[in-house]
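Below is one structure, written out as structure tokens, with a few remarks after it.
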2 protein chains.
Amino acid sequence: MAERSINPSFMNGVPDLLVLRLLSDREMYGYELVQAIRAVTREAIVLAEGVVYPALHALEAGGLLKSKRKPVNGRTRVYYQTTAAGRRRLEAMTADWSRITNAVAGVIKGEAHVAA
Amino acid sequence: MAERSINPSFMNGVPDLLVLRLLSDREMYGYELVQAIRAVTREAIVLAEGVVYPALHALEAGGLLKSKRKPVNGRTRVYYQTTAAGRRRLEAMTADWSRITNAVAGVIKGEAHVAA
DNA sequence: GTATATACCTATCAGCGAAAGGCATGATGA
DNA sequence: TCATCATGCCTTTCGCTGATAGGTATATAC
């Protein structure tokens, strides 16, 4: 029933897109990503760790990210950065994202650019 | 893996949103909606009948649409129109849609509006 | 010394769009 | 005439994926 989920649908593919985008600027670790997404979107999008960590693992398994372990203050952080393939995928996802969102935005605004 | 699906992800909640939006202008029947979505989005979004019909039924079951059968040329068309609840839901979904897409767009553009 | 923040992780679940079917009528055309 | 396509409705099965809810461990703050 989803009493009141933080994110109201429209989230398909968004976690991967955000993770790839943020990591394309600089390497980050999972916990950091979770809060970065919160902060940068001003709470508009809040991804739990249970979403981000599996996403990171899947992206790495797909060759889109690579990781490196760094011990910091006795704790171990796993830093991720994008690979070349990851950056290419990011471009493709961004293009798709624009296509879809522009199309939906057009419908919402009531544009009637019908061909026939 | 999705060899090559027509719509590249980012489609969560979109069918319901489009259906509610289009029906808020005028009543339409399922088959008509399928093609309207194709046409208005210039093929950017193509929803198969197997997506649209279940969506219509679910929306009607939820009280967001109501239907009326009209015989046309011996065939029967089922016309759908939005209810008051449907229009309210459309507003809410549109607001959510804007929030999410604006947030993602901000991240893509690399805005760093961090509060702290 | 107990809670909170940090930092990692997994397993289970539900929702939803995609795909692939099926049924029936009317028009087209070879 | 007979087949094919467009119209118009529908359902079932499937897989993906985000959400939820856990679990572990250390360091710091109160």
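Proteins get letters first, then strands, A, B, ... in listed order; numbering begins at 1 in each.
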Mind checking whether A:Arg38 and A:Val46 have side chains closer than 4.5 Å, heavy atoms only?
yes

Counting distance only, does the side-chain N/O of B:Ser67 pair as donor-acceptor with the main-chain N or O of B:Val78 below 3.5 Å?
no

Report the distance from atom CG of A:Leu17 to atom P of D:dC16, rounded to the nearest whole Å.
20 Å

Integer-rounded Å distance: C:dG15 C1' and B:Asn12 CG
8 Å

Output yes when a side-chain donor or acceptor of B:Arg87 lies under 3.5 Å from a complementary backbone atom of B:Thr82, and no otherwise.
yes

Fit a plane to each ring of A:His57 and A:Tyr80, take the angle between them on a 0 to 90° scale, and name the class: parallel (under 30°), tilted (30 to 60°) or perpendicular (over 60°).
tilted

Atom-to-atom span, NZ of B:Lys70 to P of C:dT25 - whole angstrom:
22 Å

Without decimals, in angstroms, what is the distance between A:Ile100 CD1 and C:dG17 P?
13 Å

Would you say that B:Ile100 contacts A:Thr41 through its side chain, given a criterion of any heavy-atom pair below 4.5 Å between the two side chains?
no

Just by modelled atom types, is the A:Ile108 backbone N or O under 3.5 Å from a matching donor or acceptor in the B:Arg21 side chain?
yes

A:Ile45 atom CD1 is separated from D:dA19 atom C1', nearest whole Å, by 15 Å

Summarise protein proximity over nucleotides 6-13 of chain D in one line of letters, 5' to 3': B for base, S for sugar-phosphate only, - for none, counting protein heavy atoms closer than 4.0 Å.
-BBBBB--

